[in-house]
2 protein chains.
Amino acid sequence: METTEMDQIRSRLEDHGYRLTPQRMRIVEAVLAEEDKHLSADDIYTILRENHPEIGIATVYRTLEILRELGIVNQLTFEEGVSRYEYSAREHHHHLVCLKCGKVIEFSNDELERLEQKLARKYDFQIVGHHLKLYGYCSLCQ
Amino acid sequence: METTEMDQIRSRLEDHGYRLTPQRMRIVEAVLAEEDKHLSADDIYTILRENHPEIGIATVYRTLEILRELGIVNQLTFEEGVSRYEYSAREHHHHLVCLKCGKVIEFSNDELERLEQKLARKYDFQIVGHHLKLYGYCSLCQ
DNA sequence: TTCCTTATTGATAACGATTCTCAATTTCAT
DNA sequence: ATGAAATTGAGAATCGTTATCAATAAGGAA
């Protein structure tokens with residue numbers, strides 16, 4: 001038998017004394033389904049309301065907090081006053097953010113992986129994710 | 001005569017139709033004085049209240065928004081629900097953030113400067129700042 | 001100067017994201 | 001089954017930030 005992503009997540013939760021309840025499973029599914037998006041707690045709540053209107057917004061926040069602490073999701077902030085979340089196992093990527101119009105361009109970079117290894121050793125950190133933001137002015141706002 | 005940092009900031013403001021009012025000057029002074037800190041709007045408001053209790057919190061927010069848009073300060077968010085600001089002309093640095101205890105370790109890195117140049121050309125971005133955050137678990141929280 | 005237009009301000013209300021409270025329910029280990 | 005602990009939903013509370021608005025200050029033209 002194979003180990004699914006959900007199985008792995010269940011183990012990770014249970015190893016830390018948490019239970020994978022039906023509500024938490026629905027929330028994880030939403031995050032996995034929208035892997036390429038940056039979802040806010042409210043985005044997830046809205047998605048779930050369609051088929052699972054019984055799940056409350058507080059549960060969404062509580063679950064995301066657990067997933068974040070366990071490194072299952074990355075919490076991203078874009079200076080807009082809302083936290084956004086992405087499944088952390090997806091390909092790493094970074095952002096160019098325009099200070100004027102707020103436009104965000106994503107990009108990937110391999111050099112950062114190496115840098116990460118170096119810093120992990122230097123500071124005795126177990127690194128599970130990273131996020132580079134470059135600030136500036138896009139071609140239209142210069 | 002020499003050009004002070006405040007002169008440069010005044011020019012930058014006036015070039016964009018903003019005035020360097022006494023209130024704004026006090027706020028800029030506070031940011032310059034605490035160059036090595038990450039100050040929240042409320043931190044600045046508290047500092048100013050000692051000698052300038054007439055300055056309102058709304059003015060602090062409005063001024064920081066202008067300074068941010070002009071790239072004079074960097075706006076940083078550490079997933080704590082508060083925006084923090086630092087004088088952008090200070091030496092660039094980055095952060096290792098512990099997902100468990102929230103501990104933040106600063107570090108500098110030269111390779112990122114080169115990467116920045118490359119991306120600026122590729123996406124026609126005028127880059128004025130950057131911020132790399134690495135997430136993980138510190139030595140005590142692993 | 002004086003006038004006029006515009007920018008800026010402080011106080012406070014409003015907003016919105018997130019967290020807290022708490023009683024009810026579910027889960028797990030025994 | 002049973003008891004302890006974890007989890008839940010609803011709504012209240014909190015808190016950072018933004019919007020409103022009348023009053024004030026600043027800069028340019030005459």
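All chains are named by letter (A, B, ...) in the order of the sequence lines, taking the proteins before the strands, and each is independently numbered beginning at 1.
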From NE2 of B/H16 across to P of C/dT6 the rounded distance in Å is 21 Å

What nucleic acid atoms does A/I57 come within less than 4.0 Å of, heavy atoms only: base, sugar-phosphate, or nothing? nothing

Whole-Å distance, A/E65 CD to D/dT8 P, equals 14 Å

From OH of B/Y45 across to P of C/dT12 the rounded distance in Å is 10 Å

Do side-chain atoms of B/S88 reach the backbone of B/G71 as a donor and acceptor pair under 3.5 angstrom? yes

Checklist line | Pairwise side-chain contact, B/H38 with B/E106, heavy-atom cut-off 4.5 Å (strictly under) | finding: yes

Under a 4.0 Å heavy-atom criterion, the protein footprint on nucleotides 23-28 of chain C, written with B, S and -, is ----BS

Rounded to 10°, the angle between the first-five-pair and last-five-pair axes of the helix from C/dT1-D/dA30 to C/dT30-D/dA1 is 40°

Separation between NE2 (B/H52) and CZ (B/R26), nearest 0.5 Å, reads 5.0 Å

Across all chains, not counting sequence neighbours, the salt bridge (charged side-chain N to carboxylate O under 4.0 Å, His left out) partners of A/E54 are none

Q) Is B/R62 touching bases, backbone alone, or none of the nucleic acid, heavy atoms closer than 4.0 Å? A) base

Distances for protein N or O near nucleotides 13-16 of chain D N or O, under 3.5 Å:
none

- Considering only heavy atoms from C-beta outward, does the side chain of B/D43 approach that of B/K37 to under 4.5 Å? no

Rounded to whole Å, CD1 of B/I66 lies from P of D/dT18 at a distance of 12 Å

Residues at least two apart in sequence or cross-chain that pass salt bridge (charged side-chain N to carboxylate O under 4.0 Å, His left out) with B/K103, listed by chain then number, are none

(Q) Between A/I9 and A/L70, is there a side-chain heavy-atom distance shorter than 4.5 Å? (A) no

State whether B/Q23 places a side-chain N or O below 4.0 Å from either non-bridging phosphate oxygen (OP1 or OP2) of D/dA25. no

field: Cluster overlap A/Y137 with B/Y18, hydrophobic side-chain contacts below 4.5 Å
entry: no

From CZ of A/R68 across to P of C/dT18 the rounded distance in Å is 13 Å

Result for 5'-nearest mapping on DNA chain C, choosing between B/E54 and B/G17, is B/G17

Rounding to 0.5 Å, atoms CZ (B/R62) and OG1 (B/T59) come to a distance of 4.5 Å

B/L13 CG to C/dA7 P, in whole Å, measures 14 Å

5'-most contact on DNA chain C (nearest-nucleotide basis), B/A58 vs B/Y18, goes to B/Y18

In this structure, NE2 of B/H94 is separated from NZ of B/K133 (nearest 0.5 Å) by 12.5 Å

Here the distance between atom C1' of C/dT8 and atom CD1 of B/I27, to the nearest Å, is 11 Å

Here the distance between atom P of C/dA11 and atom CZ of B/R49, to the nearest Å, is 12 Å

A/Y123 meets the ring-ring contact (aromatic ring centres under 6.0 Å, His included) criterion, sequence neighbours left out, with none

Less than 4.0 Å between a side-chain N and a carboxylate O, is that true for B/R68 and B/E65?
-> yes

